[in-house]
Structure formats: C-alpha cells, structure tokens
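Below is one structure, written out as structure tokens; the observations come after it.
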Amino acid sequence: MQHAVGSPLPPPPQPGHGPAVGWSPAAHHPGPHQGPAPVSPRVASGYPVQAPPPPPAAPQHAQGPQQAPGPRHAPGPHQSQGPHPSAAPGPPAPDTTGHVPLPPGAPVAVPSVPPAATALPDPATATLAVLLIGPAGAGKTSVAKYWADHRRVPTAHISLDDVREWVRSGFADPQAGWNENSEAQYRLARRTCGFSARNFLTNGISCILDDAVFPDRPVVGLGGWKRHVGPGLLPVVLLPGLDIVLERNAERSGNRRLTDEEVARIHGRMAGWYGSGLPIIDNSQLDVPETARVLDEVLSRSIASPPAW
C-alpha cells in the first residue's frame, strides 16, 4: 500500500480484526486543529480507502495567531471624541504685596474715647502715633525704641535722623550749616516718615517718631508733621536740663555729635515749648524705663483730652 510522503503510517492490523477503523492521518498530523477525524468509508473489499493527505499547515510565527478585531463600540457620553480643549485662563491675580493686600495710607484721625469711659485709656494697647520732640541729647531715640519694644501691640519706631542718613552721596550735614540743601533733605525725610507712619497705622501698627522740632518754626516743624501724619498725632516734648544734654552729647560719635555751643543754642530754642500747651517731660533724673512709664501716663491724658496744637 502506498502512502503520501510525510504522512504517518496507520497502526498495524490486529490479528483477526483487520485494519483499524476510524483512524485518520489528520488526527496525528502536527498542525492546527481541523475538527473530528473523518471515518474512512468501507468498500466491497473490506479495506478502507485512504483519505488524501491534509494540506500543509500554515507557517507558525513567534507572536502567535492574530486575533480578529472585536466589534467597535461608540464612545459613551463620558468619553471624549477628541483631544481635550485647553482650559480657559483664569482671572488675573489682584495687585498685592506678598499675599496680604495693603490698604492705602490715610491721615491719622484724632483718637476717640467712648463717652461712658471713666478710667483713662490704656496707651499700651491702643493704636497710636506719637511724636517725641527734644534737643540733641534729650534721649528721644533711646526712649522711643524702649517704648516701642515693650508695648503689647505691634509698634514701629521711625527716626527722622535715620531716614535723613539714607542719603549717602550728597548728604547735607546740618553741622555744616543749615542751608537750602539741608532744609530740602529735612523736608523730604519728614515727608517719608509721615508716609511710612500712615501706612503702619492703616495696617494696625502703632508708631513713634522722634525729631528735634523747634517751636519757633511751626510751619517747617510741628505743622509739617501734622500735615504728613494727620491730626491724630500726639506730640510729647522731652526736655532735660542743659547739663544732661551736654553730658549725653559728649558720648556720641560721628555726625550725631554736635559742638557744645550748638547743643546749648538748640536747648535754648527748645525752651519755647513751655507755655505751648504740649505735654513736657523733664527726664533729667529719669532713666529710659522710667521715662517710658511717664510717657505712658502722659499719653493716657492726651488720648482722653488731645492737646490743641
């Protein structure tokens, strides 16, 4: 019997049974599954007719058989039909300083006291604008710093002499004489101090300023401070004796130290504050903490009954 080349041979016939029935070479041929093996039909001779060899199997690939694409589904309502559009830009950020918007500064109003108040107001907790006046060596800067450091509410110290010295090249030193340039820089420094004080006070921060204001020049001195800060400014004069200011001036250095003649002349002009109606503290025998305590007492009376100036 002839068989196709490469086709497996049928099993040998068993004695007394003849050839095996139902055997098909396709069932033992390597390759893809072709379903159940067909049964060979019998012929008159009793021998089965051999079925033609199956076609050669398709070549196998490393990636395995390719699957047919599944049915396509329409995207649901939550699925996007295309690329997401870019988000619309938000509104521009407001003009702020850091993360806290600052209200504009305004002139300081006169402090008001409730009509039903019987005790003097506490100057340690009120929002105040204080101006310390006095000659060189009166202790204005030392007392102002101490008073600002020991309050129970935020308080700033603004020294006019410090602001004047912001000018480095071209600084008009008053020791060289009071002239047009020194007065212009003084006015500029005072206006800068007033602007800073209004901004501090508008944001709930008290301030104390110090300056050697002369009583015989009200327009340049005290009147200018009132214009730049506001009518709520509380002026207080520190006026120790001449020997005290001379002693303190001798401890200074640089352009802050004046001649004894200049200190005596300034001290004599400051005597004009007596009779002005402004509160005056003679701190000749007081140290800095004691002077700050007396300043609180004076401010309590000034808040309850603001001085006319």
Side-chain angles (χ1 to χ4, degrees), residues 94-134 138-163 189-213 221-238 273 276-281 283 288-309:
D95 184 14
T96 59
T97 300
H99 65 283
V100 179
L102 297 179
V108 182
V110 176
S112 59
V113 181
T118 57
L120 291 177
D122 186 3
T125 58
T127 302
L128 301 175
V130 181
L131 175 64
L132 276 187
I133 302 171
K140 302 183 300 296
T141 301
S142 299
V143 173
K145 286 182 177 179
Y146 183 92
W147 185 80
D149 286 340
H150 292 80
R151 299 194 77 218
R152 296 196 297 270
V153 294
T155 305
H157 169 232
I158 305 173
S159 174
L160 182 128
D161 286 341
D162 291 344
V163 175
R190 185 185 59 199
R191 185 165 62 247
T192 303
C193 292
F195 175 80
S196 300
R198 291 199 310 270
N199 277 279
F200 278 126
L201 293 161
T202 305
N203 288 274
I205 300 177
S206 298
C207 62
I208 181 168
L209 309 101
D210 63 81
D211 182 24
V213 181
L222 198 57
W225 281 112
K226 188 174 184 179
R227 288 193 307 271
H228 293 306
V229 179
L233 181 66
L234 300 176
V236 178
V237 181
L238 292 183
W273 287 117
S276 65
L278 296 186
I280 299 177
I281 299 175
N283 57 334
V288 172
E290 292 173 336
T291 306
R293 179 184 55 80
V294 175
L295 176 61
D296 276 335
E297 297 174 357
V298 170
L299 292 175
S300 295
R301 295 191 292 269
S302 294
I303 296 172
S305 179
W309 57 288

Closest contact, heavy atoms only, [X] versus [Y]:
X: Ile205; Y: Ala156; result: CG2-N, 4.0 Å
X: Thr125; Y: Val153; result: O-CG1, 3.4 Å
X: Leu234; Y: Leu128; result: CD1-CD2, 4.2 Å

Side chains of [X] and [Y]: closer than 4.5 Å at any heavy-atom pair?
X: Trp225; Y: Leu160; answer: yes
X: Arg301; Y: Pro279; answer: no
X: Lys140; Y: Asp161; answer: no
X: Trp147; Y: Asp296; answer: yes

Exercise. With a 3.5 Å cut-off and no angle check, do the side chains of His157 and Asp149 form a donor-acceptor pair?
Worked result: no
For this session: Check the pair Leu278, Leu222 against side chain to side chain contact (heavy atoms under 4.5 Å, CB included), reporting the backbone distance first and the verdict last.
Result: CA-CA 11 Å; Leu278 296 186; Leu222 198 57; 3.9 Å; yes
For the side chain of [X] and the backbone of [Y], is there at least one donor-acceptor N/O pair under 3.5 Å apart?
X: Asp162; Y: Ile158; answer: no
X: Arg227; Y: Arg191; answer: no
X: Arg198; Y: His228; answer: yes

For this session: Apply side chain to side chain contact (heavy atoms under 4.5 Å, CB included) to the pair Asn283 and Val294, showing each step before the final yes or no.
Result: CA-CA 9 Å; Asn283 57 334; Val294 175; over 6 Å; no
Exercise. When you look at Val236 and Leu295, which way does the side chain to side chain contact (heavy atoms under 4.5 Å, CB included) test go after all the steps?
Worked result: CA-CA 8 Å; Val236 178; Leu295 176 61; 3.9 Å; yes
